[in-house]
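Okay, structure first, notes after.
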Amino acid sequence: MNTRDLVLSALFAAIIVALGILPPITLGFIPVPITAQSLGVMMAGVVLGARRGTIAVLIVLVLVAIGLPVLSGGRGGLAAFAAPTTGFLIGWVFAAFVTGYLSERLVKSEQSALVQTVGFFFAAMIGGIVVLYAFGIVYLAVAAQLGLSKAFLGSMAFIPGDVIKAFVAALVGRAVMVGYPLLPVRS
């Protein structure tokens with residue numbers, strides 16, 4: 001890992017933290033707020049790729065663990081890792097990795113704009129929604145003693161917003177690829 005990789009990872013960690021400034025939206029029937037930070041996780045994957053995107057998320061989680069209030073709503077500290085939403089925090093790491101991994105393999109510079117955008121969108125949907133929800137829902141079901149079906153059904157209310165976030169991440173990924181490509185080239 002070189003200096004450029006570290007700087008880019010730190011920059012996206014800062015973007016994820018900055019997206020936490022936006023206030024969370026709580027629906028009330030499930031203890032998981034809607035935040036913009038998952039958009040940052042998706043963007044880290046599509047723009048930086050698997051390795052650097054994962055490092056960006058790990059930086060954010062280290063900041064949380066040492067007590068900085070960098071999560072949405074000003075949360076931070078070890079208590080954030082003992083909440084029913086901890087599965088989503090853990091899932092961020094894998095979501096960024098899978099989103100980046102798929103982006104690296106699906107999106108090529110010689111593709112048309114539409115194909116690139118669709119590739120980024122698919123990567124963000126699989127990594128930023130399917131993978132993230134797999135970790136979040138299972139942990140929520142166990143920690144809140146809801147049962148898997150209740151946790152799953154309750155989480156479905158967040159899917160429309162996350163699809164919009166995946167679309168925004170795809171547009172950002174495409175715009176960065178055109179202006180200043182950062183995504184590692186993979187075959």
Side-chain angles (χ1 to χ4, degrees), residues 1-26 31-104 120 123-140 143 155 158 161-162 164-173 175-176 180 182-184:
M1 180 163 239
N2 59 33
T3 304
R4 181 175 185 245
D5 291 339
L6 289 173
V7 169
L8 290 171
S9 296
L11 172 65
F12 266 85
I15 290 170
I16 294 168
V17 169
L19 288 170
I21 294 172
L22 300 174
I25 300 167
T26 305
V32 181
I34 298 173
T35 70
Q37 286 185 300
S38 58
L39 169 62
V41 172
M42 292 180 201
M43 289 190 321
V46 299
V47 173
L48 298 180
R51 184 173 53 110
R52 294 180 297 192
T54 301
I55 290 169
V57 171
L58 288 172
I59 291 169
V60 173
L61 295 181
V62 167
L63 296 175
V64 171
I66 63 173
L68 297 178
V70 297
L71 293 177
S72 185
R75 295 174 300 126
L78 293 177
F81 296 102
T85 59
T86 300
F88 290 95
L89 292 179
I90 295 165
W92 279 4
V93 176
F94 299 95
F97 179 82
V98 170
T99 301
Y101 180 86
L102 291 174
S103 294
E104 290 170 8
F120 282 134
M125 289 282 292
I126 297 300
I129 298 177
V130 174
V131 171
L132 181 61
Y133 276 53
F135 282 89
I137 289 171
V138 169
Y139 192 91
L140 179 64
S155 295
F158 301 96
D162 284 339
I164 293 168
K165 292 177 201 175
F167 182 70
V168 170
L171 294 177
V172 169
V176 171
Y180 189 69
L182 298 172
L183 193 64

Legend entry - Closest non-hydrogen atom pair, G53 against L48: N-CB, 3.8 Å
Inset, instruction - Go through the structure and list residues passing ring pair (Phe, Tyr, Trp, His ring centres under 6.0 Å) with Y139, not counting sequence neighbours. - result: none
Inset, instruction - Mind checking the CG-CG spacing from L58 to L63? Nearest 0.5 Å is all I need. - result: 11.0 Å
Inset, instruction - For Y133, enumerate each residue passing the side chain to side chain donor-acceptor pair (under 3.5 Å) test, keeping only those at least two apart in sequence or located in another chain. - result: D162
Inset, instruction - Looking only at non-hydrogen atoms, find the nearest pair between Q37 and V70 and report the distance. - result: NE2-O, 2.9 Å
Legend entry - Considering all heavy atoms, the nearest A123-S103 contact: CB-OG, 3.3 Å
Legend entry - L132 versus A95, closest heavy-atom pair with distance: CB-CB, 4.1 Å
Legend entry - Verdict with reasoning, V64 to R75, per side-chain contact (heavy atoms from CB on, under 4.5 Å): CA-CA 8 Å; V64 171; R75 295 174 300 126; over 6 Å; no
Legend entry - Shortest non-hydrogen contact between L61 and L89, atoms and distance: CD1-O, 3.7 Å
Inset, instruction - Using atom types as modelled and distance alone, determine if a side-chain donor or acceptor of K165 lies under 3.5 Å from a backbone N or O of T35. - result: yes
Please set out all donor-acceptor pairs under 3.5 angstrom arising from side-chain atoms of residues 7-16, sequence neighbours excluded.
from : atom 1 : to  : atom 2 : distance (Å)
S9   : OG     : D5  : O      : 3.0
S9   : OG     : R52 : O      : 3.1

Legend entry - Nearest heavy-atom neighbours spanning A166 and M125: CB-SD, 3.9 Å
Inset, instruction - Rounded to the nearest 0.5 Å, what's the gap from OG1 on T99 to CZ on F94? Could you check? - result: 13.0 Å
Inset, instruction - Mind checking the OG1-OH spacing from T54 to Y101? Nearest 0.5 Å is all I need. - result: 12.5 Å
Inset, instruction - Would you sort out whether V98 and I126 count as a side-chain contact (heavy atoms from CB on, under 4.5 Å), showing the intermediate values? - result: CA-CA 8 Å; V98 170; I126 297 300; 4.2 Å; yes
